[in-house]
Amino acid sequence: MAQRTEPARGMRDFLPEDVRRREYAIGIITRVYERYGFEPLETPAVENIETLLGTYGEEGNQLIFKILKRGEHEATGQADLALRYDLTVPLARVVAQYQSRLPRLFKRYQIQPVWRADRPARGRFREFYQCDVDSLGSTSPMVEAELCAAMSDALTELGFNDFVIRINHRQFLAYLLNTFAVPRESHADALVAIDKLDKIGGDGVLKELLNRGISEQSSDAMLQFFEGAAEIKGSAPDPEENEAALDVGRDRLPIGSPGRDAVENIRAILRITSGTSAEGRMRLDFSLARGLSYYTGAIMEINVADLAGSLGGGGRYDNLVGMFLGQNIPACGFSLGLERILVVMGERNMFPPTLKTTAADVMIATFDAAGAPAAMRLAAQLREAGLRVLVYPDPEKIGKQIKYADSRGIPFVALLGENEIRDNTVTVKNLAAQTQDTYGQADAGATIVEALRQRG
RNA sequence: GUGGGUGUAGCUCAGUGGUAGAGCGCCGGACUGUGGCUCCGGAAGUCGCGGGUUCGAAACCCGUCACCCACCCCA
């Protein structure tokens with residue numbers, strides 16, 4: 001092999017069938033988002049590096065793809081640009097930049113690639129699409145509820161029926177950590193540990209907390225709070241269990257405390273979702289943490305059983321726009337991870353068979369150079385009739401040409417040889433039925449269209 | 001970043017120290033205006049890369065790179 005031909009690490013080429021699958025999923029998601037009144041937005045792949053740094057937290061900064069300065073500064077290894085890491089921070093920048101031109105309540109969707117210098121794994125890539133929806137300008141819990149509903153609609157229309165949207169609240173978590181004397185710089189570590197309560201249980205979390213340098217007193221106290229996890233953490237996406245868990249959480253927090261307010265905020269959101277398609281999907285999970293540092297309120301994450309990571313996530317971030325504008329605008333968003341959705345859909349065979357449709361409905365075989373103009377004329381006629389037409393460019397043996405059409409799944413081959421050209425006719429071969437008939441060239445298009453219709 | 005696995009023909013893989021293989025695909029022919037089946041023939045690999053051991057290495061040893069799985073983290 002002369003040269004490596006794989007795409008760069010963590011990057012992928014999309015062959016025709018891949019693209020059709022992606023476009024299928026994106027089409028459904030877009031239609032759902034539009035149905036909720038979200039408007040499209042696109043932003044550049046590249047941002048000024050200072051726009052991105054400092055908004056995602058330590059881990060995030062490490063994963064940003066940086067672009068070296070050009071020219072004489074290149075040698076210094078300094079970066080002044082970077083590939084966007086998500087679609088939320090660029091949105092906040094746009095809102096700050098165009099505040100006067102955007103509506104007071106701004107609902108936008110954005111389906112574009114983002115880049116992370118992460119280590120690739122199943123369902124994880126260095127270039128991947130996110131499908132974001134965000135509402136800016138309102139603090140109402142109706143915003144969170146509506147986002148959850150949109151996620152539910154999109155996933156349901158894609159064919160998922162087993163997803164769960166977990167919900168928690170950053171202020172609740174922050175209050176808890178402060179109450180149990182976890183120093184601010186250790187909050188992220190503590191949350192990562194707590195986030196694993198599902199997977200590794202109370203003992204595992206305790207170990208993890210201590211490993212991460214959280215004091216024994218703090219760790220014990222927090223675990224005690226989460227102990228009786230069955231009662232404090234809704235175990236199923238069930239409204240009554242959620243309410244019960246909320247009551248337990250509320251009763252363990254002082255009246256008037258931010259933690260208690262957060263619990264009631266979750267309750268409000270959950271009650272509103274009961275009027276939406278997200279009903280029966282929501283599960284309160286006091287141990288849900290999520291990595292990004294800019295969240296300030298409710299946080300949500302979508303899971304299915306057969307994928308370790310999440311299909312999507314989101315939350316409220318009331319202070320992010322303020323970092324660019326100097327004045328806060330409340331905001332809340334939710335993002336679907338296209339690649340993970342596609343991975344699961346592929347494994348579960350969730351794509352409709354019609355996606356496998358081929359490049360063309362009919363192929364015109366080529367006999368010799370003299371017939372080329374007639375072939376092109378016929379192709380134009382057939383296209384006029386609404387058919388997708390491929391003209392075989394080389395006068396190879398007819399058997400080989402037909403074999404090609406068959407191997408590509410093209411159902412009809414039009415044979416336009418000397419005789420047909422002389423008679424102004426065309427012989428149309430139906431590969432599946434193993435039949436062929438000769439028609440006037442003017443009638444061939446309609447005949448094939450009708451035959452395709454009958455095939456379904 | 002940690003641990004494990006795998007790198008041999010375009011693809012999937014066999015080959016445990018002695019001449020580099022199979023299936024599929026591709027090309028040609030039987031069949032020069034008709035596909036799927038069958039038969040015959042053909043092209044194609046510095047065995048990931050570098051070093052070492054050996055009379056001899058695809059195989060054994062060391063290093064390195066890439067990919068896969070698990071952990072970590074995330075969409």
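All values derive from a computational prediction rather than experimental measurement. A note on names: the letters A, B, ... follow the listed sequences, proteins ahead of strands, and every chain is numbered from 1.
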Contacts of Asp86(A) that satisfy salt bridge (charged side-chain N to carboxylate O under 4.0 Å, His left out) - sequence neighbours left out: none
Close approaches to RNA chain B from residues 423-447 of chain A, in residue order (heavy atom, under 4.0 Å): Lys429(A), Leu431(A), Gln434(A), Gln436(A)
Please output the side-chain donor-acceptor pairs of residues 155-163 of chain A that fall under 3.5 Å, not counting sequence neighbours, one pair per line with the distance.
unit_1	atom_1	unit_2	atom_2	d
Thr156(A)	OG1	Ser152(A)	O	2.6
Glu157(A)	OE2	Arg35(A)	NH1	2.7
Glu157(A)	OE2	Arg35(A)	NH2	3.3
Asp162(A)	OD1	Arg348(A)	NH1	3.2
Asp162(A)	OD2	Arg348(A)	NH1	3.4
Asp162(A)	OD2	Arg348(A)	NH2	2.8

Any residue of residues 28-40 of chain A with a heavy atom less than 4.0 Å from an atom of RNA chain B: none
Quiz: residues 424-431 of chain A side-chain donor-acceptor pairs under 3.5 angstrom, not counting sequence neighbours:
unit_1	atom_1	unit_2	atom_2	d
Thr427(A)	OG1	Glu420(A)	OE2	2.7
Thr427(A)	OG1	Thr438(A)	OG1	3.0
Asn430(A)	OD1	Ala432(A)	N	3.1
Asn430(A)	OD1	Ala433(A)	N	3.0

Per-nucleotide protein contact string for nucleotides 24-30 of chain B (B base, S sugar-phosphate only, - none; heavy atom under 4.0 Å): ---SSS-
Aromatic-base stack, Phe128(A) on A75(B), cutoff 5.5 Å, angle under 30: yes
Watson-Crick/G-U partner (both atom distances under 3.5 Å) of U38(B): A30(B)
Considering only distance and modelled atom types, tabulate donor-acceptor pairs under 3.5 Å from the side chains of residues 308-324 of chain A, sequence neighbours left out.
unit_1	atom_1	unit_2	atom_2	d
Arg316(A)	NE	Glu144(A)	OE2	2.6
Arg316(A)	NH1	Ser138(A)	O	3.0
Arg316(A)	NH1	Asp318(A)	OD1	2.9
Arg316(A)	NH2	Ser138(A)	O	3.1
Arg316(A)	NH2	Glu144(A)	OE1	3.2
Tyr317(A)	OH	Asp134(A)	OD2	2.5
Asp318(A)	OD1	Ala331(A)	N	3.0
Asn319(A)	OD1	Asn328(A)	ND2	3.2

Test salt bridge (charged side-chain N to carboxylate O under 4.0 Å, His left out) applied to Glu42(A) - qualifying residues, sequence neighbours left out: none
Of Gly312(A) and Ala121(A), the one whose closest RNA chain B nucleotide lies more 5': Ala121(A)
Below 3.5 Å is the cut-off: list the nitrogen or oxygen pairs between protein and nucleotides 1-3 of chain B, distance only.
unit_1	atom_1	unit_2	atom_2	d
U2(B)	O4	Arg119(A)	NH1	3.4

Residue matched to A43(B) through Watson-Crick or wobble contacts both under 3.5 angstrom: none
Results of salt bridge (charged side-chain N to carboxylate O under 4.0 Å, His left out) for Glu301(A) - residues two or more places apart only: Arg166(A), Arg290(A)
Partner set under salt bridge (charged side-chain N to carboxylate O under 4.0 Å, His left out) for Asp80(A), not counting sequence neighbours: Arg70(A)
Nucleic acid footprint by protein, nucleotides 38-43 of chain B - heavy-atom cut-off 4.0 Å, B for base, S for sugar-phosphate alone: ------
Partner nucleotide of U2(B) by Watson-Crick or wobble geometry (both distances under 3.5 Å): A70(B)
